[in-house]
Amino acid sequence: MMRNFSFLLLAAGLCVAAPPALRPPAVPLIAHDPYFSVWSMTDQLASDSTRHWTGTVQALTSVVRIDGKPYRLMGTERRMDIPALPQTSLQVLLTRTIYGFAGQGVQLTLTFFSPLLAQDMDLVSRPASYIIWDVQASDGAKHDVSLYFDASAQLAVNVPEQQVSLGRFKIGGSEVVRAGSQQQPVLEKSGDNLRIDWGYLYLAGPEGSLLAGDHRGALTSFVQTGKLPDSDDLGADPPGRNRAPVLAYSSDLGSVGTTSVSRHVVIAYDDLWGLEYFQRKLRPYWRRNGAGAKELIESALKDYPTLRVRAQDFDKSVMADLERVGGPEYAQIAALAYRQTLAAHKLVADIDGTPLYFPKENFSNGCIGTVDVFYPSAPFFLYFNPKLLEAQMRPLMDYAMMPRWKFPFAPHDIGTYPQANGQVYGGREDNEENQMPVEESGNMLILTAALAKFEGNADFARRYWPVLTKWAGYLKEKGLDPENQLSTDDFAGHLAHNANLSIKAILALRAYGMLAEMTGHAADAAAYKRIAADFAKRWVDIGKDGDHYRLAFDKPGTWSQKYNLIWDKIFKWSVFPPEVARAEVAFYKTKMGPFGLPLDNRKDYTKLDWLVWTASLADSPDDFRAIVAPAYRFVNESPSRVPLTDWYSTQTGKQQGFQARSVVGGIFIPMLMTGSMRTW
């Protein structure tokens with residue numbers, strides 16, 4: 001079905017001038033999961049080493065020889081004094097990052113393509129990206145061109161001191177080279193600032209030569225001869241010492257004229273085991289039917305032509321949708337968030353093949369399966385593939401059904417990545433200290449109702465009805481005027497009488513009423529709808545503060561973003577009078593900082609996800625743009641060169657904390673108000 005673009009941002013005659021090309025704070029190159037995630041954190045691809053999202057160097061290098069002279073495209077190589085071919089453009093789309101280069105009579109396009117088509121779970125799970133070179137002459141003459149690429153074995157270790165092993169294989173007639181740590185400590189480490197050190201990195205390259213060996217020797221040979229050394233160098237050394245083990249590729253394009261010539265490589269990571277779930281190891285989803293590295297490489301090579309076309313069509317159609325809904329600046333922010341959102345997760349298969357999808361709290365606390373992480377990212381998955389949201393919620397719901405979880409409210413998390421063995425945040429499982437009772441219970445009820453809305457049935461709710469009922473009862477007792485609790489914005493500290501948290505609880509009660517109606521619990525449906533309506537009336541009375549509503553009911557002169565109100569608009573419930581959102585949006589426009597709207601009156605920082613939720617409360621496209629435009633400025637000008645942070649200063653644009661988190665999927669929330677869902 002094609003979407004019915006009914007959101008008010010699609011006002012007739014709306015015409016927005018295209019913004020200049022975005023300068024991302026960091027650029028996604030390879031994006032699959034929290035371990036296989038490589039970025040460029042500079043404007044020029046050849047001005048610094050590429051890095052894992054944590055900032056640790058994971059070097060990718062590319063050099064082009066034009067008429068016998070080498071030029072860098074990616075990587076520094078200062079000791080070899082190879083000049084950089086001038087970079088002329090950068091475009092970040094949903095599945096592709098495209099760099100343009102020009103010089104020496106040649107135009108070259110370098111594309112990083114991770115085919116993460118979110119509606120296809122097999123592709124979401126498949127850890128294989130493509131690096132593509134498209135070359136043609138720009139001066140009417142012909143030029144001899146050859147290409148070089150290598151990937152450091154740093155991609156296969158946590159720290160550079162770990163020793164690696166290199167190898168060569170033949171898969172289905174294709175040569176493949178491989179790198180992995182010698183020790184292979186599968187799933188042994190858990191925490192935040194970690195890289196993978198088990199499994200294997202693979203490189204496959206049609207129409208070219210491959211090498212497993214030393215970076216300096218491979219590149220020197222290419223610079224001097226246009227070819228790789230004749231034999232592999234499989235000695236085991238740590239990638240952080242003088243010898244730098246790499247997987248390398250080269251290809252001679254011959255004499256290139258005005259007709260474009262294309263080459264590509266597949267870079268893949270087979271981690272063997274995805275994560276640990278209550279003391280049992282689970283396979284990545286793509287391995288669920290017995291597939292291994294052979295099938296991974298074969299399918300990636302075979303599917304390349306089809307996937308490239310599918311991704312181009314996907315990027316084009318979704319970017320057009322995003323621009324129609326929020327304008328070109330909004331579309332560029334959303335495109336930058338797309339791969340980051342998916343790459344902060346791991347999709348695995350349970351023992352019966354059921355998909356389970358686990359977010360990691362990147363540079364937050366390293367938790368896995370956190371409710372108030374998949375709550376803000378939920379709009380992304382509701383828009384693209386609700387089954388992926390269901391796969392995130394299922395582990396948490398199953399955990400809450402276990403006898404070991406004794407509380408009447410929802411858990412916060414189920415462990416520390418990649419070990420999902422039970423809650424670790426705050427008070428753990430043995431007391432209520434530093435839990436988020438109203439926050440997480442409200443999140444789960446709202447998301448369960450959202451699943452029912454966008455999937456068209458309440459099957460998921462029926463399966464977990466006992467815990468949903470328990471959480472609704474808790475919110476009925478505690479939700480209207482929350483006690484001194486943490487919310488998802490826990491970095492701001494505990495807060496009693498939190499007005500925005502109260503909104504969440506009230507709408508969660510209305511969500512339970514909707515679910516009760518869909519599951520045949522008529523009495524509960526009527527009762528909880530009445531409770532939500534009554535609570536909302538009381539909320540207006542105790543929250544009013546002149547021309548806006550308070551941060552906390554007992555604190556006059558305060559204010560906060562009421563981003564949780566957006567669900568009332570998405571569901572079209574009208575639990576709260578429309579005047580509440582209108583008054584809030586008008587008030588917010590008086591509180592804007594250079595880089596966005598502060599989260600509340602206490603500090604000048606904001607949250608990027610909540611900011612877009614708040615902007616989506618607006619009735620007019622002008623008001624939406626007024627709130628989003630400073631966020632575009634932040635993305636374009638922030639001095640913090642990290643994968644998109646969601647927590648930053650509205651005065652300086654500097655990162656306050658967090659980076660590369662999945663919560664930026666919340667940027668897609670306006671798309672939930674565009675009518676019926678679309679299939680690609």
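Side chains are part of it too, since the values below use all heavy atoms of this structure and drop only hydrogens, waters and symmetry mates.
Interatomic distance, Gln435 CD to Gln485 CD, rounded to the nearest 0.5 Å: 10.0 Å. Residue Lys476 holds its NZ atom at 9.0 Å from CG of Leu509, rounded to the nearest 0.5 Å. Considering OG1 of Thr469 and OH of Tyr528, their distance stands at 7.5 Å, rounded to 0.5 Å. Here the straight-line distance linking atom OH of Tyr648 with atom CD of Gln656 works out to 11.0 Å at 0.5 Å rounding. Note: Phe658 CZ to Asp609 CG = 9.5 Å, rounded to the nearest 0.5 Å. Atom CE in Met444 sits 12.0 Å away from atom CD in Glu439 (nearest 0.5 Å).
Asp120 has a carboxylate O that lies under 4.0 Å from a charged side-chain N of Arg310, or vice versa, which qualifies the two as a salt bridge. A salt bridge links Asp192 with Lys360: the distance from a Lys NZ or Arg NE/NH1/NH2 to an Asp or Glu carboxylate oxygen falls below 4.0 Å. Residues Arg287 and Glu295 are not paired through a salt bridge, judged by the lack of any N-O separation under 4.0 Å between the basic side chain and the carboxylate. Salt bridge Asp197/Lys189: present, at least one basic N to carboxylate O contact under 4.0 Å.
Seen from the ring of Tyr285, Arg288 counts as a face-on cation partner, given the 6.0 Å and 45° thresholds.
Using a 4.5 Å cut-off on side-chain heavy atoms (C-beta onward), Leu599 and Phe491 make contact. Using a 4.5 Å heavy-atom threshold, the side chains of Met393 and Leu396 count as separate. No side-chain heavy atom of Ile196 sits less than 4.5 Å from a side-chain heavy atom of Phe36.
Heavy-atom minimum distance, Pro115 versus Tyr130: CG-CE1, 3.9 Å. Of all the heavy atoms in Asn443 and Val371, the pair that sits closest is CB-CG1, 3.6 Å.
Taking the six-membered ring for Trp and the full ring otherwise, the centers of Phe374 and Tyr357 sit at least 6.0 Å from each other. Proximity of the aromatic rings of Tyr417 and Tyr35 is defined here by a centroid distance below 6.0 angstrom, and this criterion is met. A distance below 6.0 Å separates the ring centres of Tyr512 and Trp465. The six-membered or imidazole ring of Phe380 lies near that of Tyr338, with a centre-to-centre distance under 6.0 Å. For Trp647 and Trp610, the ring centers sit 6.0 Å or farther from each other.
Distance alone, capped at 3.5 Å, is enough to place a donor-acceptor pair between the Asp232 side chain and the Ala212 backbone. Formation of a donor-acceptor pair under 3.5 Å by the Gln340 side chain with backbone atoms of Arg661 is found in this model. For the pair Asp413 (side chain) and Gly369 (backbone), a donor-acceptor distance under 3.5 Å is absent. Using a distance-only test at 3.5 Å, with no hydrogens or angles considered, no donor-acceptor pair links the side chain of Asp350 to the main chain of Asp352. Side-chain N or O atoms of His494 include none that pairs as donor or acceptor with a backbone N or O of Asn434 at under 3.5 Å. One N or O on the side chain of Thr341 and one on the backbone of Ala337 form a donor-acceptor pair closer than 3.5 Å. Checked by atom type and distance alone, the side chain of Gln154 pairs as donor or acceptor with a backbone atom of Ala59 at under 3.5 Å. Proximity of a side-chain donor or acceptor of Asn564 to a complementary backbone N or O of Asn500 within less than 3.5 Å is detected. Gln184 contributes a side-chain N or O that, together with a main-chain N or O of Gly199, makes up a donor-acceptor pair within less than 3.5 Å. Checking side-chain atoms of Ser377 against main-chain N and O of Gly665 turns up no donor-acceptor pair under 3.5 Å.
Side-chain polar atoms of Thr97 and Arg339 form a donor-acceptor pair below 3.5 angstrom. One side chain, Tyr563 or Asp489, offers a donor N or O that lies under 3.5 Å from an acceptor on the other. When only modelled atom types and interatomic distance are considered, Asp33 and Tyr269 share no side-chain donor-acceptor pair under 3.5 Å. Using a 3.5 Å distance cut-off with no hydrogens or angles, the side chains of Glu361 and Thr370 do pair a donor with an acceptor.
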Ser487 and Leu495: CA distance, side-chain angles, deciding distance, side-chain contact (heavy atoms from CB on, under 4.5 Å) verdict: CA-CA 8 Å; Ser487 71; Leu495 180 67; over 6 Å; no
Working for salt bridge (Lys or Arg N to Asp or Glu O under 4.0 Å), residues Arg126 and Asp303: CA-CA 12 Å; Arg126 183 191 292 178; Asp303 294 345; 2.9 Å; yes
Phe381 vs Leu342, side-chain contact (heavy atoms from CB on, under 4.5 Å): CA-CA, chis, key distance, verdict: CA-CA 9 Å; Phe381 299 101; Leu342 290 164; 4.0 Å; yes
Thr645/Leu608 under side-chain contact (heavy atoms from CB on, under 4.5 Å): CA gap, chis, key distance, verdict: CA-CA 8 Å; Thr645 180; Leu608 181 60; over 6 Å; no
side-chain contact (heavy atoms from CB on, under 4.5 Å) assessment of Ile446 paired with Arg510: CA-CA 9 Å; Ile446 290 171; Arg510 179 62 180 84; over 6 Å; no
Residue pair Glu298, Lys294: steps toward the salt bridge (Lys or Arg N to Asp or Glu O under 4.0 Å) verdict: CA-CA 6 Å; Glu298 285 182 337; Lys294 176 179 180 294; 3.1 Å; yes
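By the 30° and 60° cut-offs, the orientation of the rings of Trp53 relative to Phe363 is perpendicular. Taking the six-membered ring where the residue is Trp, Trp567 and Trp613 present perpendicular rings, their angle passing 60° and hence far from 30°.
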